[in-house]
Amino acid sequence: MVKHIICFKLKDNSPEACEKAKDIFYSMVGNVPQLRSLNVGIDFLHSQRSYDIILETTFDDERSLEEYQNDPYHCNVVKKYIHSVRESSIAVDYKF
């Protein structure tokens with residue numbers, strides 16, 4: 001199994017903007033076949049080092065993660081939107 005985690009800082013980190021991003025991420029459920037699990041969290045501390053939202057996804061293997069990276073729904077809907085609203089992001093991918 002592979003875990004793919006991304007933290008995002010949004011240009012607008014208002015509650016409404018964070019909820020919209022969360023909804024966009026959850027829209028992958030049922031639309032992206034490689035996903036085994038998906039969780040989204042919104043930061044509540046808003047400290048200097050905080051990121052605004054986290055996306056945690058799970059895949060069967062590295063190949064499934066690679067397919068996800070090129071999935072039409074992921075690329076044309078989710079990435080397109082998130083790239084337009086994000087300030088920055090960091091990621092980690094690991095096997096478990």
Side-chain angles (χ1 to χ4, degrees):
M1 299 292 283
V2 171
K3 185 71 82 168
H4 175 62
I5 300 172
I6 308 175
C7 298
F8 298 91
K9 283 189 187 253
L10 303 181
K11 294 172 189 173
D12 170 10
N13 68 349
S14 67
E16 297 80 16
C18 290
E19 284 296 328
K20 183 169 182 180
K22 181 179 176 179
D23 292 344
I24 293 286
F25 287 135
Y26 274 118
S27 76
M28 288 192 287
V29 175
N31 286 307
V32 179
Q34 300 86 0
L35 283 172
R36 292 298 163 251
S37 70
L38 182 146
N39 291 302
V40 180
I42 297 173
D43 178 64
F44 63 88
L45 286 179
H46 307 290
S47 73
Q48 182 75 16
R49 66 185 188 132
S50 292
Y51 277 70
D52 301 310
I53 194 164
I54 186 170
L55 171 66
E56 297 178 278
T57 51
T58 305
F59 302 90
D60 290 335
D61 51 32
E62 291 174 67
R63 182 176 177 200
S64 296
L65 174 60
E66 185 176 324
E67 290 171 0
Y68 160 79
Q69 296 293 353
N70 298 301
D71 177 84
Y73 188 86
H74 175 240
C75 291
N76 298 326
V77 176
V78 179
K79 274 182 143 177
K80 185 176 181 179
Y81 175 76
I82 295 300
H83 285 200
S84 74
V85 299
R86 75 175 172 146
E87 180 179 303
S88 63
S89 60
I90 57 170
V92 64
D93 301 284
Y94 65 92
K95 297 178 186 179
F96 65 101

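This structure is a prediction, so every number in the text was calculated from the model and none was measured. Side chains included, hydrogens not; waters and symmetry mates left out as well; all remaining heavy atoms used.
- Atom CD of E66 has 12 or fewer neighbouring heavy atoms from other residues, nucleotides or ligands inside a 6.0 Å radius.
- Within the 4.5 Å cutoff, no side-chain heavy atoms of Q34 are placed close to those of M28.
- Counting heavy atoms from C-beta outward, F25 and T57 have side chains that stay 4.5 Å or more apart.
- In the displayed structure, F96 atom CZ is contacted under 6.0 Å by more than 12 heavy atoms of other residues, nucleotides or ligands.
- Rounding to the nearest 0.5 Å gives a distance of 10.0 Å between CG of D43 and CZ of R49.
- Side-chain contact between K20 and Y81 is present, with at least one heavy-atom pair separated by less than 4.5 Å.
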**Trace of the side chain to side chain contact (heavy atoms under 4.5 Å, CB included) decision for Q69 with K79** = CA-CA 9 Å; Q69 296 293 353; K79 274 182 143 177; 3.8 Å; yes
Please list every donor-acceptor pair under 3.5 Å in which a side-chain atom of residues 3-15 meets a protein atom from a residue at least two apart or in another chain.
| unit_1 | atom_1 | unit_2 | atom_2 | d |
| --- | --- | --- | --- | --- |
| K3 | NZ | T58 | OG1 | 3.1 |
| H4 | ND1 | D93 | OD1 | 2.3 |
| K9 | NZ | S50 | O | 2.9 |
| K11 | NZ | S84 | O | 3.2 |
| D12 | OD1 | S14 | N | 2.9 |
| D12 | OD1 | S14 | OG | 3.1 |
| D12 | OD2 | S14 | OG | 3.4 |
| N13 | ND2 | D52 | OD1 | 3.2 |
| S14 | OG | E16 | OE1 | 3.4 |
| S14 | OG | A17 | N | 3.2 |

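- Considering CD1 of I42 and CD1 of I54, their distance stands at 12.0 Å, rounded to 0.5 Å.
- Environment of CD in E62: sparse, with no more than 12 heavy atoms of neighbouring residues, nucleotides or ligands closer than 6.0 Å.
- Follow the hydrophobic side-chain contacts under 4.5 Å out from I24 and you reach V29 in the same cluster.
- The CG atom of D61 sits 9.0 Å away from atom NZ of K95, with the distance rounded to the nearest 0.5 Å.
- Nearest heavy atoms, Y51 versus S89: CE2-CA, 4.3 Å.
- Under the 4.5 Å side-chain heavy-atom criterion for grouping Ile, Leu, Val, Met, Phe, Trp and Tyr, Y94 is connected to M1 within one hydrophobic cluster.
- Residues S64 and D60 share a closest heavy-atom pair of OG-CB, 3.9 Å.
- Put simply, the side chain of Y26 gets close to the backbone of V40: a donor and an acceptor are under 3.5 Å apart.
- The shortest side-chain heavy-atom distance between F59 and L35 falls under the 4.5 Å cut-off.
- For D71 against V32, the heavy-atom pair with the smallest separation is OD2-CG2, 3.5 Å.
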